[in-house]
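Counting starts at 1 for both ligands and their atoms, following the listed order. In this chain, residues are counted from 1 in sequence order. Predicted, not measured: the structure shown is a model, and the values here were computed from it.
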Amino acid sequence: MTTLQNLPPRVRLIDVGPRDGLQNEKQPVPAAVKVELVHRLQAAGLREIEVTSYVSPKWVPQMADNHAVMQGITRQSGVRYSVLTPNLKGFEAALADKPDEIVVFGAASEAFSQKNINCSIAESIERFAPVVEAALVAGIAVRGAMSCTVGCPYEGDIAPERVAYLAGLMRGIGVQRVDVADTIGVGTPRRVQAAIAATLQHFDVDHISGHFHDTYGQALSNTLAALDMGVWNFQSSVAGLGGCPYAKGATGNVATEDVVYLLHGMGIDTGIDLEALVDASAYISDFLGRKPNSRVAVAMLNKRAQS
Ligand code: HMG
Ligand code: MG
């Protein structure tokens, strides 16, 4: 049971809305809208933004405008802009756009690895190794995303040992920090804590982030469970956008607005202005023609409309 006594005093949120959030949108989102979203997120106080990915445009058409988006951003000092690079081809393409951090992305599940990046876990590590090496030589930070750390759409439950195995492989090739991702949002607090405990065999708590999709409505509970273990880095998505194209039925990441409300309510500092964040949420939701997938954003927008 959580005691809520030893929570971290501050939390760093990485907004993955422009990437994880938008990658699954069927309607094309113009690069200018993505750029404006990034600008609004940084204006709201986000200090880490996952902007885009350098993957095959045949696999993920929505991310085909990666160069235009990265080139279109007016960078703010103190903000870290990260991008996904699954292989050397992606890394070389990204290099021209000078990301602060690249993300290699693997899975604790063999089946998901095959569906998502078309190779086994072992092959993925072979592909990532030269990417990590080249990034570190170029002075670019390296994060590793670990998908399906509690459940997989193809294999069902994933044992913590498999998370430890992947974390060890990531560590072995020089990845500096990792995301413990519940890709399909099936986790509950104890299972998520077990995945984090497995990761702690290879990374210290300052180099582990929680990445929880909210498909089953458990992401805030899972965030609290991770906080209770001392995790203080989390990925979330403005307006709760998103989902992975290779995890059918999985919905978006936990909404950044909801996490900020939770944290501020517990006296935990994020450096984020929730009103400005809700403006960003309304901006992208209006473009997409729907309400934000965030209880907090909807509540705050309703309150604004009434006053
Ligand atoms: P592949 O087909 O195995 O690659 O794809 P290949 O090396 O055999 O090349 C095939 C074709 O793809 C060639 O083009 C390559 O040039 C091209 P062709 O000659 O046929 O015209 N290609 C590329 N093009 C652009 N950028 C590249 C690149 N690499 C090869 N980097 C690959 C392998 C990984 C590229 C492919 O499977 C792919 O793009 N997959 C998409 C994966 C993806 O973006 N998934 C969503 C993000 S992960 C996620 O959402 C989970 C996360 O949020 C955490 C969580 O929640 O779990 C991070
Ligand atoms: Mg994700």
| ligand 1 to Ser53 polar contact by distance, N or O atoms, under 3.5 Å | no

| What do we get for Ser147 next to ligand 1 when only non-hydrogen atoms under 4.0 Å count, side chain, backbone, both or neither? | both

| task | Return the name of the atom in Asp20, of element N, O or S, nearest to the Mg ion (ligand 2). | result | OD2

| message | Hydrogens and angles aside, do Lys98 and Gln71 bring a side-chain donor and acceptor to less than 3.5 Å of each other? | response | no

| query | Applying a 4.0 Å heavy-atom criterion (strictly less than), which segment of Val55 is in contact with ligand 1: side chain, backbone, both, or neither? | reply | both

| message | My question is simple, although I want it checked carefully: is atom 6 (P) of ligand 1 less than 4.0 angstrom from any protein heavy atom? | response | no

| request: State whether a side-chain donor-acceptor pair under 3.5 Å links Gln218 with Thr188. | output: no

| task | Might you check, step by step, whether the distance between atom 11 (C) of ligand 1 and some protein heavy atom is under 4.0 Å? | result | no

| Nearest protein heavy atom under 4.0 Å from atom 31 (N) of ligand 1, yes or no | yes

| Do Asp157 and Arg191 meet the salt-bridge criterion of a basic N to acidic O distance under 4.0 Å? | yes

| task | Would you check if the side chain of Gln306 reaches a backbone N or O of Leu301 as a donor-acceptor pair within less than 3.5 Å? | result | no

| Distance only, no hydrogens: is a donor on one side chain within 3.5 Å (strictly under) of an acceptor on the other, for His213 and Thr251? | no

| request: Run the numbers for me: atoms of ligand 1, each under 4.0 Å from some heavy atom of Asp20, listed by number. | output: 50 (O), 53 (O)

| message | Is a donor from one side chain sitting under 3.5 angstrom from an acceptor on the other, for Arg162 and Ser109? | response | no

| task | Starting from atom 39 (O) of ligand 1, locate the nearest protein heavy atom and write down its residue, its atom name and how far away it is, to 0.1 Å. | result | Ser56 N, 2.9 Å

| Counting only non-hydrogen atoms of the protein, does one fall under 4.0 Å from atom 28 (C) of ligand 1? | yes

| query | Considering distance alone, does some N or O of Met146 sit under 3.5 Å from an N or O of ligand 1? | reply | no

| message | Any heavy atom of Lys58 closer to ligand 1 than 4.0 angstrom? | response | yes

| message | Check this for me - ligand 1, Phe105, N or O atoms closer than 3.5 angstrom, yes or no? | response | no

